[in-house]
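Each remark here refers to the structure printed beneath this line.
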There are 2 protein chains.
Amino acid sequence: MIEAAPINAVMRTLADPTRRAVFERVVKSEEITVLELTRGSDVTQGAISQHLKSLKQAGLVAERRAGRNVFYRAEPKGLAPLVDWMSHYGVFWRRRFTNLRSLLKEIDP
Amino acid sequence: MIEAAPINAVMRTLADPTRRAVFERVVKSEEITVLELTRGSDVTQGAISQHLKSLKQAGLVAERRAGRNVFYRAEPKGLAPLVDWMSHYGVFWRRRFTNLRSLLKEIDP
DNA sequence: CTAATGCATTAGCAGCTACTAATGTACGGC
DNA sequence: GCCGTACATTAGTAGCTGCTAATGCATTAG
């Protein structure tokens, strides 16, 4: 049985469209500040900070403080629970190979 | 840009733990009725039907009516939006290969 | 036929959630 | 020192959501 807690957090965090959009922008940028994220979004800076807090608690982003600025970056391991879940319940993927992770280990050992 | 509608539906549908548990049971069973799903769950049969409706609308399950019984099965293509999304925003995956789908086509052309 | 089963649907509601606006906090420029 | 900036946090709220209980609707059993 797969551990429920991380996949719960990741799924729940990425379910909200605007929060997922924040995550996508963090991913596409190597590092990005809250101000930059706020510009180009239709919600308040406070809302952005709240979403970043959720993303951080879910292990999807990490922060680096530099003076007044806080730079956010994507946490590579954050989506691992999602990959694990898909390797178990991915149906149509599971029929092609039993475990997606083992395949990736072959590619990148 | 990735199409937002399907990934929104899939993410939102799988975000709820009990609904995701229903989906997982459907996946593990080749076909399963609502009554079987209700047994082994801590919610009402009505709630199960509501979750199945959501899953169906998200393209994650399909139904087959047989008399009074309705058998549900997993829809293989249902998780495709999730795979597409991960191939775009999967960070750590994207660094290993630009597109997960193209890799899979090589494995299963 | 009537009764029972399997499932879908509805109304109503408690609980959550994403938002704004305001405030707090800490740092940098002057 | 002071003010402005960057971000976090809070209180309050409107809207959504997942649940139960009840009911509706077919279908089968008797």
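Since we're looking at a predicted model, the values are computed, not measured. Below, chain A is the first sequence line, B the second, and so on; all start at residue 1.
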Write down the atom of A:V10, the atom of A:G78, and the distance for their closest heavy-atom approach.
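Looks like CG2-O, 3.7 Å.
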Nearest heavy atoms of A:I48 and A:T38, plus distance in Å:
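Smallest heavy-atom distance, with atoms named: CG1-OG1, 3.8 Å.
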Which pairs, protein N/O on one side and nucleotides 1-7 of chain C N/O on the other, fall under 3.5 Å?
unit_1 : atom_1 : unit_2 : atom_2 : d
C:dT5  : O2     : B:R68  : NH1    : 3.4
C:dG6  : O3'    : B:N69  : OD1    : 3.2
C:dC7  : OP1    : B:V34  : N      : 3.3
C:dC7  : OP1    : B:V70  : N      : 3.3
C:dC7  : OP2    : B:L35  : N      : 2.6

Any residue meeting side-chain contact (heavy atoms from CB on, under 4.5 Å) with [X], in chain and number order, not counting sequence neighbours:
| X | result |
| --- | --- |
| A:T18 | A:D16, A:H51 |
| A:Q50 | none |
| B:S54 | B:T13, B:R19 |

Would you kindly give the [atom1]-to-[atom2] distance between [X] and [N], to the nearest whole Å?
| X | N | atom1 | atom2 | answer |
| --- | --- | --- | --- | --- |
| A:F23 | C:dA18 | CZ | P | 16 Å |
| A:I48 | C:dA18 | CD1 | C1' | 12 Å |
| B:D16 | D:dC16 | CG | P | 17 Å |
| A:L52 | D:dA6 | CG | P | 16 Å |
| A:N8 | D:dG18 | CG | P | 13 Å |
| A:K53 | C:dA18 | NZ | P | 14 Å |

Return the nearest nucleotide to the side chain of A:E63; candidates are D:dA8, C:dC19, D:dT20.
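Side chain of A:E63 sits closest to D:dA8.
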Given C:dT20, D:dT20, D:dG18, which nucleotide is nearest the side-chain atoms of B:A47?
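So the side chain of B:A47 is nearest to D:dT20.
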Whichever of A:A66 and A:H51 has its nearest DNA chain C nucleotide further upstream toward 5':
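Taking each residue's closest nucleotide, the earlier one in sequence belongs to A:H51.
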Can you work out whether B:Q50 or A:T44 has the more 5'-proximal nearest nucleotide on DNA chain C?
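Nearest nucleotide further toward 5': that of B:Q50.
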Can you check side chain to side chain contact (heavy atoms under 4.5 Å, CB included) on A:V83 and A:W85, steps first, answer last?
CA-CA 5 Å; A:V83 176; A:W85 184 87; over 6 Å; no
Are any side-chain N or O atoms of A:T33 and backbone N or O atoms of A:E36, one a donor and one an acceptor, separated by less than 3.5 Å?
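Side chain of A:T33 to backbone of A:E36: a pair is present.
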Sub-3.5 Å donor-acceptor pair from the side chain of A:S41 to the main-chain atoms of A:L37, do we have one?
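Between the backbone of A:L37 and the side chain of A:S41 there is no qualifying donor-acceptor contact (under 3.5 Å).
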With a 4.0 Å heavy-atom cut-off, tell me which residues in residues 55-62 of chain B come close to DNA chain C, sorted by residue number.
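Residues of residues 55-62 of chain B under 4.0 Å from DNA chain C: none.
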Sort and list the pairs that fulfil side-chain hydrogen bond (donor to acceptor under 3.5 Å, both in side chains) and have at least one residue in residues 55-67 of chain B, not counting sequence neighbours.
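Residue pairs with at least one partner in residues 55-67 of chain B: B:E31-B:R64, B:K56-B:E63, B:E63-B:R65.
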Does B:T18 have a side-chain nitrogen or oxygen under 4.0 Å from the phosphate oxygens OP1 or OP2 of D:dG18?
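No, outside the criterion.
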